[in-house]
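Numbers restart at 1 for each chain; the letters A, B, ... are given by sequence-line order, proteins then strands.
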Protein chains: 2
Amino acid sequence: MTPAKPVRSPSGRITLREVARELGVSVATVSNAYNRPDQLSAELREKILDTARALGYSGPDPLARSLRRGRSGVIGVVYDAPLEYAFADPAAALFLGSVAHAIQDSGLNLLLLAGADDPRADPLAPVVSASVDGFIVYCAADSALLRAVLGRGLPTVLVDQHPGSHDAVGIGIDDATGARQAARHLLDLGHRHIGALCLELGPQRLSGPVSAEREAAVVHRPTAERLRAYRDEVRAVDGARLYPTEAARNTPAEGRARTLELLRAQPQVTAVLCMSDVLAQGALRAAQELDWPVPQRLSVIGYDDLPSSAALNLTTVWQPTADKGRQVGEALLDLLAGRPARELTLPTRLVVRGTTAPAPASPSPTDSP
Amino acid sequence: MTPAKPVRSPSGRITLREVARELGVSVATVSNAYNRPDQLSAELREKILDTARALGYSGPDPLARSLRRGRSGVIGVVYDAPLEYAFADPAAALFLGSVAHAIQDSGLNLLLLAGADDPRADPLAPVVSASVDGFIVYCAADSALLRAVLGRGLPTVLVDQHPGSHDAVGIGIDDATGARQAARHLLDLGHRHIGALCLELGPQRLSGPVSAEREAAVVHRPTAERLRAYRDEVRAVDGARLYPTEAARNTPAEGRARTLELLRAQPQVTAVLCMSDVLAQGALRAAQELDWPVPQRLSVIGYDDLPSSAALNLTTVWQPTADKGRQVGEALLDLLAGRPARELTLPTRLVVRGTTAPAPASPSPTDSP
DNA sequence: CTGTTAGCGCTTTCAA
DNA sequence: TTGAAAGCGCTAACAG
């Protein structure tokens, strides 16, 4: 039953060489048994595979094979925030799922490379020392990280930061159009005091009202584009004002906290533009706690149109999250194959549901009879 | 500005050797510049690093380094379902986030290894050919996959399938206790016709009512444990009946569909035990659509206690999802360090909130005045 | 402090 | 069909 004691390599691991020695064949033949079945007789192959199994050899060492072949079959996904956070965002999860789906058939897998959690650790280390064939950089506002990625000189797709540099292809969405439609929608409904719950403005991730200076210097591209679109629309309407607030994290809890803060400081606000559905969820909860009925007393608009948002009847800006993931995956596949990949901007559009309604009558001058 | 044209290796990639040659130092010195700064003068190190940068060398090749060192710094996370699905489950996301957090400080990263999406592809390939130092197997009911993992002979932690084999340490939760409490709670409230929305029974992932034979042969451990606990409690009460249904996927949509189906076929049901909060969300939606007020007409209990479930006021079974992730990560760290890791079963307990209430009065005999 | 050397385990021409 | 040999790019003794 038990096979003859194998000759162990000094590492203690069984190698292809030992299998070859055991059978009295050459290493090339054993390698072929695994990699080119057509290069040897079926029976010899069987015998080799059997012996290997009996020796406890589970196939060629992936690391050595990768080194030799020059490809690892791994794509690094770079996130500029702790992973726990990445996973907590349903939009990010959906996106990553689609990327995975797109590259899976090519035998590639995703390696999660997180921004460091521990400030003492070198945040660039994971990116510098990951064995990958290419990178997908998701929302890396931290340019040091991005520079480290580009320094590797590997095929890279930059998500939501398009246009990319000429070292990476950028794929993202039309942030401004959806945001513009959302703001327009509220203004058309008569809202004049509009809050804006923003995603991070830059790597610092502050919480609270955004000053004019900080608004002028937003680093995070999606935030910048959307906020500018809100601002442009609001500026175009006489007497309309925008109250931007930064949410340090994209979570319902943070959305709730910022909304409560905002509505307390600016009770004249009748509508809130949120830069994610997750934040909008928090805004909805805050309204509930304050007993501000939605949409009668407060209108809320999200961004992303998560699958769960339909059930909440949330008015929001739709973006093709899953399609974006697929496009990103395919662009990377192109790059890896030596084909060129095109920059891409995917559409967004407002989806009107039940969380927006005309502004409540206010003490300010109106032109109704 | 531009450095002298480097001597390119045949591969087209710049190597440590070329950097050494360029400076007239040995490869060991260059290697030391990166790996043991204390082994050479600071100025020489600076010069080496500068030259390397100028040549476009971004540091030692991770693959070669890993081969040489015998460690890749990567942990494979094995999922028995398509990744898109894994990402869509908030409990899974939370769990993975905690695992990532736990191992991150040790310089390890997570490689996502999904069950094949494409039935033509070899589902074992990713597991067999991944360059990893260890595995975390999450809910791998598919024993072929698990066998492939164990065949690699690497440190492995088995999640929610404890006790593990003696080749892997198992870490999971006390599935039965929470389930028992949930069922008991409903029975105490007077419910006698209770639906059970089950997670997958086995790898086939069917949708619909569960026959007695299938109930007796559940493969997926968490489902088996919980269903048995429900069954035991229900059996202990005279006149109580359980109506188990399998949900093929752990999504709100599937939960909604199965609940509608169940309530139509068995309108006498007054409560539903769900094996996840995600399924419970679907059940809640179904009740809303049918105009069955919760909890007056229908009681609903979930499982997991997701962060979002408090807001839904959902009665549910709490499990320490994040802590489980941490424990799994630490167990793997122990294994990697050659330390033994202990099997672990984490507690669960019922959290009563607002989606459960006494059973509505029914035409069946009661002992009320 | 620096250089020489021997592999890590495998794949792949090239010859037999 | 099979085997011998040359590295993939790097690290870690060890010797100087």
Check your understanding: Which atom names give the shortest non-hydrogen contact between B:Pro62 and A:Val128, and what distance separates them?
Key -> CG-O, 4.0 Å

Point to revise | Set of residues satisfying side chain to side chain donor-acceptor pair (under 3.5 Å) with respect to A:Ser129, sequence neighbours excluded | key: none

**Study point:** Where A:Phe135 and A:Val127 come nearest, the two heavy atoms and their spacing
**Key:** CZ-O, 3.7 Å

Check your understanding: Over how many whole Å does the gap from A:Glu18 atom CD to C:dC8 atom C1' extend?
Key -> 13 Å

Enumerate all atom pairs, one protein N or O and one N or O from nucleotides 14-16 of chain C, separated by less than 3.5 Å.
none

Exercise for review: Take the protein atom CZ of B:Arg17 and the nucleotide atom C1' of C:dT5, then report the distance between them rounded to whole Å.
Suggested key: 12 Å

Point to revise | Considering all heavy atoms, the nearest A:Leu150-A:Ala168 contact | key: CD2-CB, 3.9 Å

Check your understanding: Are A:Thr29 and D:dG3 close enough that a side-chain N or O sits under 4.0 Å from OP1 or OP2?
Key -> yes

Practice item. With sequence neighbours excluded, give me every side chain to side chain donor-acceptor pair (under 3.5 Å) pair touching residues 40-50 of chain B. Key: B:Asp50-B:Arg53

Check your understanding: Who pairs with B:Asp61 by side chain to side chain donor-acceptor pair (under 3.5 Å), at least two apart in sequence or on another chain?
Key -> B:Arg13

Study note, to complete from the structure: To the nearest angstrom, the CG-P distance between B:Leu67 and C:dC10 comes to 9 Å

Exercise for review: Kindly state each residue pair satisfying ring pair (Phe, Tyr, Trp, His ring centres under 6.0 Å) with at least one member in residues 26-49 of chain B, sequence neighbours excluded.
Suggested key: B:Tyr34-B:Tyr57

Exercise for review: Without swapping roles, check the side chain of A:Glu343 against the backbone of A:Gly170 for a donor-acceptor pair under 3.5 Å.
Suggested key: yes

Study note, to complete from the structure: B:Ile14 CD1 to D:dC8 C1', in whole Å, measures 16 Å

Check your understanding: Would one find a side-chain N or O of B:Tyr57 under 4.0 angstrom from OP1 or OP2 of D:dC10?
Key -> yes

Could you list the donor-acceptor pairs under 3.5 angstrom formed between side-chain atoms of residues 329-342 of chain B and any protein atom two or more places apart in sequence or on another chain?
unit_1	atom_1	unit_2	atom_2	d
B:Glu330	OE2	B:Arg326	NH1	3.3
B:Asp334	OD1	B:Arg339	NH1	2.3

Review point. Partners of A:Asp89 by side chain to side chain donor-acceptor pair (under 3.5 Å), sequence neighbours excluded?
Key: A:Asn250

Check your understanding: If you fit an axis to the five pairs at each end of the helix from C:dC1-D:dG16 to C:dA16-D:dT1, how big is the angle between those two axes, to 10 degrees?
Key -> 30°

Point to revise | Neighbour count above 12 (heavy atom, 6.0 Å) for B:Arg152 CZ | key: yes

Interface polar pairs with nucleotides 11-13 of chain D, N/O, under 3.5 angstrom:
unit_1	atom_1	unit_2	atom_2	d
D:dT11	OP1	B:Asn35	ND2	3.0
D:dT11	OP1	B:Arg65	NE	2.9
D:dT11	OP1	B:Arg65	NH2	3.4
D:dT11	OP2	B:Ser31	OG	2.9
D:dT11	OP2	B:Asn35	ND2	3.3
D:dT11	O2	B:Arg68	NH1	2.1

Point to revise | Residues touching DNA chain D, which here means a heavy atom under 4.0 Å, drawn from residues 37-47 of chain A | key: A:Gln39, A:Leu40, A:Ser41, A:Leu44

Practice item. Using the test salt bridge (charged side-chain N to carboxylate O under 4.0 Å, His left out), find all partners of B:Asp133 that sit at least two apart in sequence or belong to another chain. Key: none

Exercise for review: Please list, chain by chain and in numerical order, all residues satisfying side chain to side chain donor-acceptor pair (under 3.5 Å) with A:Ser26, sequence neighbours excluded.
Suggested key: A:Thr29

Review point. Is the shortest side-chain N/O distance from B:Ser26 to OP1 or OP2 of C:dG3 below 4.0 Å?
Key: yes

